[in-house]
Protein chains: 2
Amino acid sequence: MNGAESLLQTLVGCGVEVCFTNPGTSEMHFVAALDKQEGMRSVLGLFEGVVTGAADGYARMTGKPACTLLHLGPGMANGLANLHNARRARVPLVNVVGDHATYHRHLDAPLTSNIAGFAGPVSGWIKASESAKTVAADGAAAVAAAMTPPGQIATLILPADTAWGEAIEPAAPLPIPRWPAPSSTAIDAAAVALRSGEPCALLMNGAALGERGLTLAGRIAKHTAAQLFADTFVTRIARGAGRVDVQRVPYFGEQAAEVLAPFRHLILVATKAPVTFFAYPGKPSELTPAGCARHTLATPEQDALAALEALCDAVGARKVAPVVTAAQRPALPRGQLNPQSAAQTLGHLLPENAIIVNEAATSGFAIPASTAGAPQHDWLDLTGGAIGQGLPSAVGVAVACPGRRVLALEGDGSGMYTVQSLWTMAREKLDVTAVIFANRKYAILQVELMRVGAGNPGRKADEMLSLDRPDLDWVKLANGMGVPATRATTAEEFNTQLARSLAAPGPSLIEVAL
Amino acid sequence: MNGAESLLQTLVGCGVEVCFTNPGTSEMHFVAALDKQEGMRSVLGLFEGVVTGAADGYARMTGKPACTLLHLGPGMANGLANLHNARRARVPLVNVVGDHATYHRHLDAPLTSNIAGFAGPVSGWIKASESAKTVAADGAAAVAAAMTPPGQIATLILPADTAWGEAIEPAAPLPIPRWPAPSSTAIDAAAVALRSGEPCALLMNGAALGERGLTLAGRIAKHTAAQLFADTFVTRIARGAGRVDVQRVPYFGEQAAEVLAPFRHLILVATKAPVTFFAYPGKPSELTPAGCARHTLATPEQDALAALEALCDAVGARKVAPVVTAAQRPALPRGQLNPQSAAQTLGHLLPENAIIVNEAATSGFAIPASTAGAPQHDWLDLTGGAIGQGLPSAVGVAVACPGRRVLALEGDGSGMYTVQSLWTMAREKLDVTAVIFANRKYAILQVELMRVGAGNPGRKADEMLSLDRPDLDWVKLANGMGVPATRATTAEEFNTQLARSLAAPGPSLIEVAL
């Protein structure tokens, strides 16, 4: 048994079932070990941003890590942007990054680089294996580190000689640390606030936005008249008819401030104090209103469900029936195809138990409302602002959840970042409907240019914010990677094409021409 | 004048003429400043790997830096792989990386990350500007750092408030350090070796591979019977009829060792001691033969041309006429289209003064020989082994050298990494002929899997090394980004399509179906 085989057996023993990869020469023994190892599915991405984004989506749906297999420093580097998003999503993820053999590194061959340096800003745990005999134990430690609440990125650097050298045996799984319980002081303080008669809001993310968390929060809200909010961008939220609905904090600071202004108490559940996404000249960055007290019921690292249970009891809401969303779908639209009408179509057709991967940016503003009363579904956001996460995440989500329809709602600008994802969808025959909102611009930047006070764009600035000249043809791009595709130019066309895509097994893409 | 304007004026004053960019909200003041600034061309890439690879290609042809404009940590991260290649090419390059306003960073908003951490492994110089009043001076320092021989990557982090805050005035250019002269000891030692009567080889890279360097080396070779070698992968080399030809050190270690075995003296000119690209079990990593003395005539950081001049004089070769390559082109091939016949077509049709950007990997083995006697041209390689450099580099090369035909010779696997480059070629109407060698696999890895002793690939391993199921359709991919494209399946078709592409202004792509 060589080191790669001992590592792979260890990972499988620790519950890792999928390896998203783009390997190179230094990873060939790991690839060969994949051949022999039952229980580990390997999925190829044609660029590492696909690989790491897929591992993020997979972890959001399963709560456990996939492993990535990356080729030295540059392979790691190509995956960093989506690892940044995964870090912000607080998901478990194990990177295995091949490196030169330990005795080769000092020679500074062309692919030599500071892998740990690249990995540092995104990783909660990093280790470079030193010997084939310790690789297995390092792998078990990596999984335990990744699973440490709330979930983090563990990066294991695997020098080629530790992969091909003689190993001893696989390592046993390590115990996974439990979620720390919230403090009783925090629960008491939140309960006091809720009973104060002053306006209260709960701001939530993480486990609080799962079905159980929302039910508990809904009971508290019904009983105390508190309002429920979720962060602007969430790791995952359970939505749809029969579930407790929560309002999102708006993206733009002025709107967020307006929404939060009425409250004297802000109770944080698995999230941090709200801040604007960017700074704007002369405008506040912090969104907690003046005179509003903040109470951290549970930090993102603490057990939010236990905290909500305890708070529910503390305010006497245990048996309260929460307000849930009524089943309601918009009518199918006719005529012009625009973000509003496209949202109606999505709300009308969204299948039971679907998973929405949302990176639609400015084109997606109407979709939350239009899908609120649709059949129950999960919704995932871009958590770290590094665009190019949606299509890769959809790959991982679909691998994690066979039998469920995945809707990847993408902007054209963000979609181009990791467009190679479409090929993996085709190869793995994933049930993904990719909807590309093609407005042929970085529309958010045209807004932001003015919001930051940089003035109206002239010709050169406009060119840097536009995706036209030439226009992208998403039907050809998708077909070029083996994904069937159509273009919708009217609401009726989108109605027909979306219905057809949702019913067809495997991936397909619809370009929504805006 | 705000900070962004002062920085941009400073950069232009320092000779920076092109900004390759993908900006975001935190860079909007820089984008607005671009609008007002004469003398700075801005070129949009739809992914940052395009942006940094283009800056590398631009620097290789002009010897001076372009600037990139990147969006916070993830924008920097997406550009790192090609910055790794640029670092290995030892070219000057200035990154301007937007960041949150200084007072916003501690709030840990979603896009906050350790930008300097990401940038560290590739940057020779890093600074985060602290005030709008110092941004201009920081910009001048960044250019001087980038231009410090042999050329390096300078990364300037630009917090949004230093861009929008009130500045004083642009900063004047700083003096550029000269290339350090080689030591007379080194020249004497090399001369002694060359006069020893023992077999000598010169191994060269950097400036030694320009027209002047090759002529000097050719005089020495003719006079002393030394043999001339270039590194396996070079930053740039002048080639073609009437120029001094040099042999490349082969990629595979066994072949490299065989080629270098006869020599007792290895004289290094602007390069380091040769090593294998990867380590292989039980095989040596160092390629200097046993019993062969190494002499560093000039390090990569020293003035290689001065060193060659001095060595030429020291061995009395100043007036020697070097052996130059005779004008000779292969005949146009017929029948099967394969790497050999495609190389013949390229050799037959290569236009005068063309620039070859080579990332053809295993499909390109025959092209150096088939083009050796073609009209004079420049040839650029993938220097750092991080694939996905060829198409972006071709963008920058074409921006740098209007009027010259650029041939981007790409593998299909590497081409997919930064396929978004095609769109920039179309938007900027660049005279690029992209030739995609479509063998539908990572062919090098199929070789390497066996070379590292990992055995024959089984089904799962084979799937990780193959690009088929589904096949990529490069004609559709190119058309989807506005680039005209054709597919060649016979030698005759490639002959016709290449001739047509070379004659047509603007970009076009040919898929060579292997």
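Per chain, numbering begins at 1; letters A, B, ... match sequence-line order. Reckoned from all heavy atoms, side chains included, excluding hydrogens, waters and symmetry mates.
- When heavy atoms are compared at a cutoff of 4.5 Å, B/Arg87 approaches chain A solely by way of its side chain, counted from C-beta outward.
- The residue among A/His104, A/Met416, A/Lys460, A/Glu48 with the most heavy atom pairs within less than 4.5 Å of chain B is A/His104.
- For A/Thr112, the parts lying near chain B are the backbone and the side chain together; criterion is any non-hydrogen pair under 4.5 Å.
- For B/Arg427, the parts sitting under 4.5 Å from any heavy atom of chain A are the backbone and the side chain alike.
- Per-residue counts of heavy-atom pairs under 4.5 Å with chain B were compared for A/Ala386, A/Pro74, A/Ala279; the largest is that of A/Ala279.
- For the set A/Ile444, A/Val419, A/Thr276, A/Asn479, the count of heavy-atom pairs under 4.5 angstrom toward chain B peaks at A/Thr276.
- Looking only at heavy-atom pairs under 4.5 Å with chain A, the residue among B/Glu463, B/Arg451, B/Arg459, B/His84 that has the most is B/His84.
- B/Val43 touches chain A through its backbone: at least one of N, CA, C or O sits under 4.5 Å from a heavy atom, while the side chain does not.
- For B/Asn85 (side chain) and B/Leu382 (main-chain N/O), no donor-acceptor pair under 3.5 Å exists by modelled atom type.
- Heavy atoms closer than 4.5 Å to chain A are found in both the backbone and the side chain of B/Val31.
- Side-chain contact between A/Leu477 and B/Lys476: absent, with no pair of heavy atoms (C-beta onward) separated by less than 4.5 Å.
- Of the two parts of A/Asp231, neither the backbone nor the side chain holds a non-hydrogen atom closer than 4.5 Å to a non-hydrogen atom of chain B.
- B/Arg469 and B/Asp462 are joined by a salt bridge, as a carboxylate oxygen and a charged side-chain nitrogen come within less than 4.0 angstrom of each other.
- Contact of the A/Gln420 side chain with the B/Gln420 side chain is registered, since non-hydrogen atoms from C-beta on lie closer than 4.5 Å.
- Highest contact tally toward chain B, considering only A/Thr383, A/Asp108, A/Val122, is held by A/Asp108 [criterion: heavy-atom pairs under 4.5 Å].
- Closest approach of B/Glu428 and B/Ser42 over heavy atoms only: OE2-O, 4.1 Å.
- Among residue pairs with one or both ends in residues 273-286 of chain B, those qualifying as salt bridge (Lys or Arg N to Asp or Glu O under 4.0 Å) are B/Glu254-B/Lys283; sequence neighbours excluded.
- Contact annotation for B/Leu72: only side-chain heavy atoms (C-beta onward) come within less than 4.5 Å of a heavy atom of chain A.
- Contact tally against chain A (heavy-atom pairs below 4.5 Å) for B/Asn78, B/Leu46, B/Leu80: the top residue is B/Leu46.
- Not a single donor-acceptor pair under 3.5 Å links the side chain of A/Gln37 to the backbone N or O of A/Leu34.
- Here CG of B/Asn2 is found 11.5 Å from CG of B/Asp161. Values are rounded to the nearest 0.5 Å.
- Within the 4.5 angstrom heavy-atom criterion, no atom of B/Asn82 approaches chain A.
- At least one donor-acceptor pair under 3.5 Å links the side chain of B/Trp423 to the backbone N or O of A/Pro470.
- Heavy-atom pairs under 4.5 Å with chain B were tallied for A/Ser466, A/Gly73, A/Gly482; the largest tally goes to A/Ser466.
- Only the backbone of B/Asp471 comes within contact range of chain A, judged by heavy atoms closer than 4.5 Å.
- B/Ala426 touches chain A through backbone and side chain together, each having a heavy atom under 4.5 Å away.
- Per-residue counts of heavy-atom pairs under 4.5 Å with chain A were compared for B/Ala32, B/Gly480, B/Gly458; the largest is that of B/Gly480.
- When B/Ala119, B/Pro23, B/Pro281 are compared by the number of non-hydrogen pairs under 4.5 Å with chain A, B/Pro281 comes out ahead.
- In terms of modelled atom types and a separation under 3.5 Å, the side chain of A/Asp35 and the main chain of B/Ala461 share a donor-acceptor contact.
- Between B/Tyr251 and B/Phe277, the angle of the ring planes lies from 30° to 60°, which puts this pair in the tilted group.
- Top candidate by heavy-atom pairs under 4.5 Å with chain A, chosen from B/Pro457, B/Gly24, B/Gly120, B/Ala101, is B/Gly24.
- Using a 4.5 Å heavy-atom threshold, the side chains of B/Leu465 and A/Met28 count as touching.
- For the options B/Met76, B/Lys36, B/Met481, heavy-atom pairs under 4.5 Å to chain A are most numerous at B/Met481.
- Within the structure, side-chain hydrogen bond (donor to acceptor under 3.5 Å, both in side chains) pairs that include any residue of residues 21-34 of chain B comprise A/Tyr417-B/Asn22, A/Tyr442-B/Asn22, A/Glu448-B/Thr25, B/Ser26-B/His71, B/Glu27-B/His71 (at least two apart or interchain).
- Heavy atoms closer than 4.5 Å to chain A are found in the side chain of B/Tyr103, but not in its backbone.
- A pairwise comparison of heavy atoms in B/Trp474 and B/Arg487 identifies N-NH2, 4.2 Å as the closest pair.
- Between chain B and the options A/Leu445, A/Asn114, A/Asn456, heavy-atom pairs under 4.5 Å are most frequent for A/Leu445.
- Only the side chain of B/Trp164 comes within less than 4.5 Å of a heavy atom of chain A; its backbone N, CA, C and O stay farther away.
- Only the side chain of B/Lys272 comes within contact range of chain A, with at least one heavy atom under 4.5 Å from a heavy atom of that chain.
- With a 4.5 Å cut-off on side-chain heavy atoms, B/Ser113 and B/Ile115 count as touching.
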